[in-house]
Amino acid sequence: MKNQEIAKILYEIADLLEIEGVEFKPRAYRKAAQNIESLSVDIEELYKKGQLEKIPGVGKSIAEKIKEYLETGKVRKLEELREKIPVDIESLSAVEGLGPKMIKVLYEKLGVKNLDDLERVAKQRRIRRLKGFGEKLEKKILEGIEIARQRQHRFLLGFVLPEANAIMEELKPYVEKISLAGSIRRRKETIGDVDILAVSSQPEKVMDIFTSMKRVEKVLAKGITKSSVRLHGGIQVDLRIVGKESFGSALQYFTGSKEHNIEVRKIAIKLGYKLNEYGLFKGFERIAGRDEKEVYKALGMQWIPPELRENRGEVEAALNKSLPKIVEYDEVKGDLQMHTKWSDGANTIEEMVIEAKKLGHKFIAITDHVGSLKIAGGMDEEKVMEQAKEIEKLRERFDDIYIFHGIEANIMKDGSLDVSNSLLKQVDVVLASVHSAFRMEEKDDSPRNKSDRK
DNA sequence: GCCGTTTTCGGCCCGACTGTTTTCAGTCG
């Protein structure tokens, strides 16, 4: 699916147009990008059916660019913009406090094109001398560079997992066993790269297929036991093929985390064994390895769900047979935080209800933004009342799932909520979130200071 | 560049905060 890739291209066009000082178009491109990002169907399918313009926010011109990309792999407009403004917008704007306008000044006055350039001029104290910049900003930028660098190479689980599953599906006909490993198997929030482990009697064939998938942008390495590719969109995927007698121990080893593995290996040593990716050994004898559960069992431990393998006490708990039970998807009975088209969500309430039912939910709470957060579609009181009526109607139609009516209110700088008490009384659920004033000092706003305020 | 139970042209959600200023521009959500 190229949805993410196309969204990324549109975001980049938006950023570059914004640097150029073009009005309104950036917003149009971003809106289209957002909608494409959250599309549940493959954009290529829509293109084949000639339905690109059915995507909200996509009109003639953007549809044309999507078409161009799908057919040629390029978008001329973007190439032109990049030529005119050759800066790495994505990483530069990841620096907290840096937006298009400042990036433009930094490029034009100091030739800053990427994070390395930025770091150099910041350290040379040249930023503070620019008009509109100052010492504080320079320091803030310097602090932000590291964070931006770390963030750069990681991808959200929700983006990566469907891609990884699709790859496994492609490989399945040629393997006897296959599994995700690494942080994606541990279901970490963000993923550096994807690890896949397989057993196959025809490794060459598997590697051929893996490295020639349509989604591959570049083959980084190709061998019989290990190959690495980079996908369109930048995610790196490693595929390892191991012997079936070692699949379990390899899975254990490559799933990690590193800290977890160190602890588990210590247990093995204590028992007089040796644990590596090839198996659990007593001298030269392999006493486990084929199956991951068997490895933990041989060490006198409960099998530990990957999500818990972070060396936060799970090893001791597994030894004592006192691992906590993980909540499974089918045990999740509801969701108390949901946005819809009434504020900044992508779907109607009805669509959310239908989807929630599919997930087996027994209740949901619709909690759209209210009040001052207008950019996220913050509703006023009147609109909340309108929404209440719609929810009431839906409750009648869907009697096997309960729809709570909630709101997401904003916690203001003084600690108050930006909604009236009467509104609070009207709804079932109130979420309160901080959406502004993130950089306050602790002393800045204790309640006792409140009386001093206007 | 998109969109339209106010509009096919003319709008395009707002408000708070910060750091730079001496009244504002840029960023963020």
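All values reported here derive from a predicted model rather than from experimental measurement. Lettering of chains follows the sequences in order, A, B, ..., and the numbering in each one begins at 1.
- In this structure, Q34(A) atom CD and dC13(B) atom P are separated by 13 Å, rounded to whole Å.
- Rounded to an integer number of Å, the gap from CZ of R128(A) to P of dT21(B) is 13 Å.
- Contacts of K136(A) with the nucleic acid, taken as non-hydrogen atoms under 4.0 Å apart, involve only primed sugar atoms and P, OP1 or OP2.
- Taking a cutoff of 4.0 Å between a charged side-chain nitrogen and a carboxylate oxygen, K172(A) and E169(A) qualify as a salt bridge.
- Taking the six-membered ring where the residue is Trp, Y296(A) and H260(A) present tilted rings, their angle falling between 30° and 60°.
- More than 12 heavy atoms of other residues, nucleotides or ligands shown are found within 6.0 angstrom of CD on E331(A).
- Sequence order on DNA chain B of the closest nucleotides to G132(A) and K77(A) puts K77(A) first from the 5' end.
- As judged by a 4.0 angstrom heavy-atom cut-off over every strand, K65(A) is placed among residues touching the sugar-phosphate backbone only.
- Comparing the same atom, P, in dC12(B) and in dT5(B) gives a spacing of 16 Å after rounding to whole Å.
- E53(A) comes within 4.0 angstrom of nothing in the nucleic acid, heavy atoms only.
- Across all strands, P56(A) comes closer than 4.0 Å only to sugar-phosphate atoms, never to a base (heavy-atom distances).
- Stacking between F133(A) and dT20(B) is absent: the aromatic ring centre is not both under 5.5 angstrom from the base six-membered ring centre and within 30 degrees in plane angle.
- Counting non-hydrogen atoms under 4.0 angstrom, K60(A) reaches the backbone sugars and phosphates but no base.
- Listed pair R27(A) / dC13(B) meets the phosphate criterion, a side-chain N or O lying under 4.0 Å from OP1 or OP2.
- Counting only N and O atoms by type, the side chains of S343(A) and E408(A) include no donor and acceptor under 3.5 Å apart.
- Projected onto DNA chain B by closest heavy-atom contact, K131(A) and G99(A) fall at different nucleotides, the more 5' of which corresponds to K131(A).
- Base pairing of dT8(B): no nucleotide in any strand meets the Watson-Crick or G-U wobble criterion (both distances under 3.5 Å).
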